[in-house]
Protein chains: 2
Amino acid sequence: METEDGTRSAGGDVGVTTGARGDLFSPDCPTRLLLDRLGTKWTSMVVKVLARDGELRFTELRRRTPGVSQKMLSATLQSLVLDGLAARRVEDTVPPRVHYRLTELGLSLEEPLAALREWAEEHMPAIRDHRAAAGA
Amino acid sequence: METEDGTRSAGGDVGVTTGARGDLFSPDCPTRLLLDRLGTKWTSMVVKVLARDGELRFTELRRRTPGVSQKMLSATLQSLVLDGLAARRVEDTVPPRVHYRLTELGLSLEEPLAALREWAEEHMPAIRDHRAAAGA
DNA sequence: CCGAATCCTGACGGATACTG
DNA sequence: CAGTATCCGTCAGGATTCGG
């Protein structure tokens with residue numbers, strides 16, 4: 001649970017207008033918030049898997065995300081659902097089956113994310129080269 | 001320190017090399033490595049400032065990156081230089097003046113990064129909305 | 001099968017003080 | 001001015017255990 005919130009956003013937008021958009025580095029900066037999420041280890045992977053494979057059950061999703069623990073997958077999915085990037089669907093059976101899928105919002109995130117992936121795959125060798133040359 | 005010998009990446013017949021490209025989640029995955037860097041708090045900000053303002057001195061750069069400490073700015077710049085994303089130029093005077101600028105590689109990163117910013121600025125309100133509705 | 005709760009660690013990162 | 005070094009708090013996140 002996050003200790004930091006600050007703005008209670010009761011009225012929605014009080015003084016956020018100037019800092020939130022454009023080129024500001026305030027805690028309201030949407031880019032910062034987004035990178036915070038993408039920076040968490042599994043978010044981008046889960047988004048990618050869901051974008052590719054569509055709706056998946058919890059265990060199935062876990063099997064396709066090598067290395068993830070139940071805890072982190074659960075936490076990641078909760079964050080995604082909370083942000084409206086993913087949707088959770090429960091079949092009320094015994095045992096229950098829980099499915100996850102990306103929402104429209106989540107799918108739209110895939111575009112810039114894919115651009116970032118392309119850049120990474122293209123230029124990472126150059127970066128490794130630089131690191132090696134610098135004596136890393 | 002990771003002494004990774006990436007020299008035999010061209011082979012690609014068997015072994016570890018399979019995971020490096022495409023859609024794998026191995027530690028070799030370039031997207032993961034890139035997101036690890038962008039996930040660090042100040043990297044994206046510094047890249048953005050340097051992309052916009054061009055070459056800057058240390059203190060000047062610090063002034064334009066509100067909230068950053070000397071330590072973190074220094075560490076961030078070292079990482080960027082090490083990765084070949086930024087270049088360091090020293091005027092050998094007293095006191096010394098150190099300038100930083102983005103390399104071609106660093107500038108090329110700005111494109112996908114800008115795409116991510118656009119997405120963030122456009123869709124972040126929707127995310128905040130979802131969070132509020134979910135009872136965050 | 002799907003998760004929540006707990007313990008523990010290592011890394012990120014802020015504040016401060018010191019050097020050249 | 002441009003860092004480096006140290007102390008310290010916080011938190012992601014892995015392993016494990018428990019519940020429904």
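Excluded from the calculations below are hydrogen atoms, water molecules and symmetry mates; all remaining heavy atoms, backbone and side chain alike, are included. Below, read A as the first sequence line, B as the second, and so on, with proteins coming before strands; counting in each chain starts at 1. Bear in mind that the values here come from a model prediction, so they are computed numbers and not experimental data.
- Taking the side chain of B/Gln78 as heavy atoms from C-beta on, and the options D/dC1, D/dG13, D/dT4, the nearest nucleotide is D/dT4.
- Summarising the geometry, the separation between CE on B/Met45 and P on C/dC12 is reported as 17 Å, rounded to the nearest angstrom.
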Take B/Trp42 and B/Thr65 through the side-chain contact (heavy atoms from CB on, under 4.5 Å) test and state the conclusion after the steps.
CA-CA 8 Å; B/Trp42 304 104; B/Thr65 313; 3.9 Å; yes

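- Distance B/Arg63 CZ to D/dC1 C1': 13 Å, rounded to the nearest Å.
- Heavy atoms of A/Arg88 sit under 4.0 angstrom from primed sugar atoms or phosphate atoms, though from no base atom.
- Here C/dG3 presents its P atom at 10 Å from NE2 of A/His99, a figure rounded to the nearest Å.
- Phosphate contact (OP1/OP2 of D/dA2, side-chain N/O of B/Arg97, threshold under 4.0 Å): absent.
- Atom C1' of nucleotide C/dG3 and atom CG of A/Leu61 are separated by 14 Å, given to the nearest angstrom.
- Shortest non-hydrogen contact noted between B/Ala120 and B/Pro125 is O-CD, 4.5 Å.
- Using a 4.0 Å cut-off, some side-chain N or O of B/Ser74 falls inside it from OP1 or OP2 of D/dT4.
- In terms of phosphate contacts, B/Thr59 brings a side-chain nitrogen or oxygen within less than 4.0 Å of OP1 or OP2 of D/dA2.
- Rounded to a whole Å, the CD atom of B/Glu55 is 12 Å from the P atom of D/dA2.
- At least one donor-acceptor pair under 3.5 Å links the side chain of A/Thr40 to the backbone N or O of A/Arg37.
- Distance, B/Arg62 CZ to C/dG13 C1': 14 Å, rounded to whole Å.
- Across every non-hydrogen atom of B/Val49 and B/Arg64, the tightest pair is CG2-O, 3.8 Å.
- A side chain to side chain contact (heavy atoms under 4.5 Å, CB included) with A/Leu61 is found for one member of A/Val68, A/Leu56, A/Asp53 and no other, namely A/Leu56.
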Under 4.0 Å protein heavy-atom contacts per nucleotide of nucleotides 14-20 of chain C, with B for base, S for backbone only and - for none:
BBB----

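- The nearest whole Å value for the distance from the CG atom in A/Leu73 to the P atom in D/dA15 is 14 Å.
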Please list, one pair per line, the donor and acceptor atoms closer than 3.5 Å that link side chains of residues 103-115 of chain B to other protein atoms, with sequence neighbours excluded.
| from | atom 1 | to | atom 2 | distance (Å) |
| --- | --- | --- | --- | --- |
| B/Thr103 | OG1 | B/Gly84 | O | 2.6 |
| B/Thr103 | OG1 | B/Leu85 | O | 3.1 |
| B/Thr103 | OG1 | B/Leu105 | N | 3.3 |
| B/Thr103 | OG1 | B/Gly106 | N | 3.2 |
| B/Ser108 | OG | A/Trp119 | NE1 | 3.0 |
| B/Ser108 | OG | B/Leu105 | O | 2.6 |
| B/Glu110 | OE2 | B/Arg117 | NH2 | 2.7 |

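- Note on B/Arg37: every side-chain N or O is 4.0 Å or more away from OP1 and OP2 of C/dC12.
- Contact annotation for A/Glu60: no contact, since no heavy-atom pair falls under 4.0 Å across all strands.
- Remark: the backbone N or O of A/Leu38 is not paired with any side-chain donor or acceptor of A/Thr43 at under 3.5 angstrom.
- Residue contacts for A/Glu91: at a heavy-atom cut-off of 4.0 Å it reaches no nucleic acid atom on any strand shown.
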